[in-house]
J.: 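I'd like to ask you about the structure that follows.
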Amino acid sequence: NAAEDGAKHGDLVGFLACYEVNNWYDASTGGAARVDGAFYFQLGRYREAKFAYVYVTVLSDDRERAANSVYVGKIALT
């Protein structure tokens, strides 16, 4: 249960995917509430990119405070 882990009702998930070519990135600063427990995001389809490097953070509902971002891994784009 996310609420038991310190989540506040209005917390939001922040998301950043960086690609290895042309300094491209996709980002979202409020695509889902943290307490939802899931976040679905459609990555861009860049033909030259083979991988996306993904970072997440948690933002306050007013977007005034953010936790340190966490690198969650490399995703192969197929």
Side-chain angles (χ1 to χ4, degrees):
N1 182 332
E4 293 172 358
D5 294 332
K8 305 242 184 323
H9 180 69
D11 286 351
L12 304 169
V13 174
F15 169 88
L16 173 68
C18 301
Y19 305 95
E20 77 274 13
V21 294
N22 297 331
N23 294 320
W24 290 333
Y25 66 91
D26 287 316
S28 171
T29 57
R34 180 179 179 192
V35 294
D36 289 345
F39 177 55
Y40 299 95
F41 186 85
Q42 181 67 43
L43 292 174
R45 298 298 299 162
Y46 306 110
R47 289 190 177 139
E48 296 90 351
K50 303 292 185 218
F51 299 98
Y53 303 88
V54 180
Y55 299 80
V56 296
T57 189
V58 176
L59 306 163
S60 61
D61 60 351
D62 61 4
R63 294 180 177 83
E64 293 292 320
R65 295 173 315 280
N68 291 336
S69 62
V70 175
Y71 175 67
V72 294
K74 177 172 146 180
I75 298 172
L77 304 173
T78 58

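The chain is numbered in sequence order, starting from 1.
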J.: Taking all non-hydrogen atoms of both residues, which atom of Ala66 and which atom of Leu59 are closest, and how far apart?
T.: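 Shortest heavy-atom separation between Ala66 and Leu59 comes out as CB-CD2, 3.5 Å.
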
J.: Locate the shortest heavy-atom distance separating Ser60 from Asp11; write the atom from each residue and the value.
T.: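 So the two residues come closest at CA-OD1, 4.1 Å.
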
J.: Can you confirm whether more than 12 heavy atoms, excluding those of Asn22, are under 6.0 Å from its CG atom?
T.: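 It does: Asn22 CG has more than 12 such atoms within range.
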
J.: Please step through side-chain contact (heavy atoms from CB on, under 4.5 Å) for the pair Leu77 and Tyr19, ending with a clear verdict.
T.: CA-CA 10 Å; Leu77 304 173; Tyr19 305 95; 3.8 Å; yes

J.: To check you understand the geometry: which heavy-atom pair defines the closest contact between Lys50 and Glu20, and what is its length?
T.: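 Here Lys50 and Glu20 meet closest at N-OE2, 2.7 Å.
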
J.: If you take all heavy atoms of Leu16 and Ala27, which pair is closest and at what distance?
T.: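 Distance-wise, the nearest heavy atoms are CD1-CB, 4.0 Å.
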
J.: For residues Val13 and Val70: do they belong to one hydrophobic cluster (side chain heavy atoms under 4.5 Å, members Ile, Leu, Val, Met, Phe, Trp, Tyr)?
T.: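 Cluster IDs for Val13 and Val70 match.
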
J.: Quick check: closest heavy atoms across Tyr55 and Cys18, and the distance to 0.1 Å?
T.: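 Between these two residues, the closest heavy atoms are CE1-SG, 4.4 Å.
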
J.: Above 12 or not: heavy atoms from other molecules or residues under 6.0 Å from CZ of Phe41?
T.: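 Counting other residues, nucleotides and ligands, CZ of Phe41 exceeds 12 neighbours.
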
J.: Does Val54 share a hydrophobic cluster with Trp24, counting links as ILVMFWY side-chain heavy atoms below 4.5 Å and allowing steps through other members?
T.: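 Looking at the clustering, Trp24 is in the same group as Val54.
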
J.: Closest approach of Val56 and Phe15, non-hydrogen atoms and distance?
T.: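 The answer is CG1-CD1, 4.3 Å.
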
J.: Using the rule that Ile, Leu, Val, Met, Phe, Trp and Tyr join whenever any side-chain heavy atoms are under 4.5 Å apart, tell me whether Val72 and Ile75 fall into a single cluster.
T.: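 In one cluster: yes.
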
